[in-house]
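One structure below.
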Amino acid sequence: MLLVRVAAVSREVAATSSRSRKKALLAGLFREAGPEDVPVVIPYLAGRLPQGRLGIGWKTLGAPVEPASAPSLTVLETDRELTALKAVAGPGSQAERLRLVTSLMSRATEEEQAFLVALLTGEVRQGALDAAAADGLAEASGAAPEDVRRAVMLAGGLAPVAEALLADGPTALERFRLTVGSPVLPMLAQSAPTATDAVARLGGAAAVEEKLDGIRVQVHRDGDEVHVFTRTLDEITDRLPEVVAAARELRGERLILDGEVIALDEHGRPRPFQETAGRIGSRTDVSSAARAVPVSPVFFDVLHADGRDLMDLPFAERHAELARLAPGPRRVRRAVVRGPEDAAAAEDFLAATLERGHEGVVVKSLDTPYSAGRRGAGWLKVKPVHTLDLVVLAAEWGSGRRAGKLSNLHLGARTADGGFAMLGKTFKGMTDELLRWQTGRLRELAVEEHSWGVTVRPELVVEIAYDGLQRSTRYPAGVTLRFARVLRYREDKSAAEADTVRTLLATHPGVTR
DNA sequence: TTCCGACAGTGGGGTCGCAAT
DNA sequence: ATTGCGACCCCACTATCGGAA
């Protein structure tokens with residue numbers, strides 16, 4: 001199959017807003033692909049590379065390359081070139097990689113180049129990724145969409161499922177089972193504003209569990225063999241000897257557990273997220289990193305135990321099994337409430353959890369199965385929200401559907417000398433209407449135009465929600481906001497009434513030390 | 001007919017490893 | 001030794017389609 005077919009279908013998928021049409025287009029190309037093309041075409045149309053990330057971004061791609069006048073590249077040739085590119089490492093590798101990517105681009109037409117750039121940078125924005133590709137695959141193969149999705153979730157990706165389906169038809173899906181050692185996509189949580197709201201939404205009995213601010217892990221144990229995977233199913237076993245040791249202590253030989261890894265201080269209080277993340281990111285000298293920042297696994301779910309698959313059981317039953325397998329300190333703290341009438345108990349538990357220094361709680365229905373790969377309505381996270389009134393210092397032009405709109409705001413707090421210190425940026429929380437309005441308003445306030453956006457007179461006050469303060473080497477106050485988002489503009493306030501760096505630091509003692 | 005679940009898009013900061021400077 | 005880039009951790013929020021109610 002020629003690459004131009006894939007590029008053309010991607011363009012057509014992007015051009016329609018109808019999901020059923022996107023699905024039909026993807027299915028059409030899957031039918032067209034030969035068995036040897038499938039392992040490449042499937043990930044390409046889901047916006048992924050079969051090789052994973054190649055270490056190539058916008059900067060490496062560099063200057064435009066003169067495109068070929070006629071399409072000739074096949075999907076398989078492209079895949080071979082990219083495999084070769086991935087293998088290049090060591091001194092001089094940057095130049096060699098640029099040479100290889102330039103050579104590939106020179107063989108691609110304009111349309112193919114655009115698709116390749118999107119693929120390499122991970123920005124195939126066609127309004128259809130994994131879920132749409134799975135549905136398209138189901139349509140092309142005659143399998144039930146829910147069966148395909150389940151197989152994809154169990155296989156941890158689309159490619160093996162596509163190959164099996166096209167080789168052996170829908171009955172091949174039965175081969176995809178939960179397997180110790182093979183990661184499955186983790187279940188994710190939705191958000192709720194308060195514990196009371198969360199308990200009310202679930203309606204019935206619920207577990208209120210502490211939410212630890214660390215790294216999500218899925219731990220597989222088969223006897224002495226242990227594997228640890230991240231939320232995106234990358235294997236990080238080698239970086240986490242403490243987790244391997246802890247898994248071997250559990251009271252079960254063949255297990256799949258879901259949990260969080262977090263660095264705790266000598267009093268058992270959580271260390272800042274940045275320290276946990278830095279520790280788990282350290283790959284080159286794990287033993288000294290582990291001495292400096294030891295981490296602990298804390299589990300909250302179990303998917304498999306000694307030959308029994310538990311994912312489809314109600315959470316109450318899975319947790320009973322977890323309690324049998326893991327001792328108290330290896331499990332998240334929790335409280336069980338009977339229902340909405342017990343909301344006060346849920347709020348009390350949240351308050352106590354925050355008092356212990358943790359991030360918040362996850363309120364979980366006791367009835368729901370483990371919805372792997374889904375953001376299930378059975379898990380609701382609740383975290384306290386802080387707010388500030390900050391001043392817009394500048395704004396950046398948006399991209400994609402925000403092209404032509406001033407989108408990303410630079411946010412400042414007042415300083416003692418009467419100026420402003422930038423605390424970070426945000427593009428979140430804006431409706432289309434608000435984007436329109438702020439684009440006009442900020443252009444009125446503009447004092448300088450740049451290629452990236454505008455700097456403005458510091459007059460506009462915006463109310464910002466954020467999750468907390470963290471240390472920063474990038475911003476002048478030495479701190480930045482975590483997960484800042486816009487709540488509303490405060491046209492009733494002048495910049496002189498905005499919050500100050502001083503009061504911000506006082507609100508979060510211990511961040512700067 | 002209206003409602004709502006699920007997805008995709010739009011980017012944020014930090015930290016690490018690696019190659020280039 | 002320092003710098004720049006890319007990968008990958010954490011993530012919030014809105015718009016939209018299409019099936020459910």
Side-chain angles (χ1 to χ4, degrees), chain A residues 13-14 16-23 46-47 52-61 88-97 120-135 149 188-191 212-217 230-234 236 239 260-261 272-285 289 359 371 373-377 381 383 385 396 398-403 405 407-411 423-435 464-475 479-487:
Chain A
V13 168
T16 175
S17 65
S18 159
R19 284 177 199 159
S20 41
R21 177 88 187 118
K22 288 178 193 286
K23 181 175 69 173
R53 306 293 313 156
L54 297 181
I56 293 178
W58 289 103
K59 297 284 181 182
T60 311
L61 285 167
V88 177
S93 62
Q94 207 74 320
E96 175 64 5
R97 293 158 71 81
L120 289 168
T121 56
E123 302 203 351
V124 174
R125 294 188 173 176
Q126 57 187 18
L129 296 171
D130 290 340
D135 283 352
R149 282 178 183 232
L188 305 175
Q190 297 182 9
S191 294
L212 307 181
D213 194 9
I215 305 286
R216 183 84 176 265
V217 286
T230 65
R231 195 159 92 78
T232 50
L233 311 189
D234 285 328
I236 54 170
R239 303 180 214 167
E260 193 88 1
V261 168
F273 173 76
Q274 285 161 300
E275 294 185 25
T276 295
R279 159 61 208 280
I280 291 171
S282 299
R283 278 163 285 187
T284 49
D285 186 0
E359 195 185 9
S371 320
R374 312 302 275 268
R375 202 168 278 286
K381 59 181 161 184
K383 298 187 283 186
V385 175
E396 299 175 15
S399 65
R401 70 186 303 282
R402 291 191 179 189
K405 298 287 193 316
S407 171
N408 199 5
L409 305 178
H410 296 198
L411 304 169
L423 290 177
K425 309 180 189 180
T426 186
F427 58 90
K428 294 172 182 166
M430 297 148 186
T431 61
D432 288 357
E433 173 58 31
L434 187 68
L435 280 164
I464 296 294
Y466 66 105
D467 276 21
L469 206 58
Q470 55 185 350
R471 283 195 211 181
S472 172
T473 54
R474 175 184 312 223
Y475 291 112
V479 292
T480 188
L481 305 179
R482 197 165 179 208
F483 311 139
R485 59 268 189 190
V486 169
L487 290 180

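Numbers restart at 1 for each chain; the letters A, B, ... are given by sequence-line order, proteins then strands. This structure is a prediction, so every number in the text was calculated from the model and none was measured.
- For the pair A/T426 (side chain) and A/A484 (backbone), a donor-acceptor distance under 3.5 Å is present.
- With respect to A/L188, the side chain to side chain contact (heavy atoms under 4.5 Å, CB included) criterion is satisfied by exactly one of A/R216, A/K381, A/R374: A/R216.
- Listed by chain and residue number, nothing satisfies the side chain to side chain donor-acceptor pair (under 3.5 Å) test with A/Q470 (two or more places apart in sequence, or in another chain).
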Stepwise side-chain hydrogen bond (donor to acceptor under 3.5 Å, both in side chains) test for A/T230 and A/T232 | CA-CA 5 Å; A/T230 65; A/T232 50; 3.3 Å; yes
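- When heavy atoms are screened at a 4.0 angstrom cut-off, A/R149 is found touching the sugar-phosphate backbone but no base atom.
- For DNA chain B, the span of nucleotides reached by chain A at under 4.0 Å from its heavy atoms goes, 5' to 3', from B/dG5 to B/dA20.
- If you check every strand for non-hydrogen atoms under 4.0 Å, A/S20 touches sugar and phosphate atoms only.
- In terms of the salt bridge (Lys or Arg N to Asp or Glu O under 4.0 Å) criterion, residue partners of A/R149 (sequence neighbours excluded) are, by chain and number, A/D135.
- Under the Watson-Crick or G-U wobble criterion, with both distances below 3.5 Å, B/dC7 is left unpaired in every strand shown.
- If A/Q190 and A/P91 are placed on DNA chain B by their nearest nucleotide, the residue sitting closer to the 5' end is A/Q190.
- Taking the ring-ring contact (aromatic ring centres under 6.0 Å, His included) definition, one finds that A/Y466 meets it with A/H386, A/H508, sequence neighbours left out.
- The residue A/A132 sits close only to the backbone: its heavy atoms come under 4.0 Å of sugar-phosphate atoms, none of a base.
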Protein-proximity profile, nucleotides 7-13 of chain C, B/S/- by nucleotide at the 4.0 Å heavy-atom cutoff, equals SSSBBBS
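- When the side chain to side chain contact (heavy atoms under 4.5 Å, CB included) test is applied to A/R19, no partner is found at least two apart in sequence or on another chain.
- Residues A/T276 and A/D213 fail the side-chain proximity criterion, which asks for heavy atoms closer than 4.5 Å.
- With DNA chain B read from its 5' end, the first of the two nearest nucleotides for A/T284 and A/Q126 is the one closest to A/Q126.
- Here A/T426 lies out of heavy-atom contact (under 4.0 Å) with every strand.
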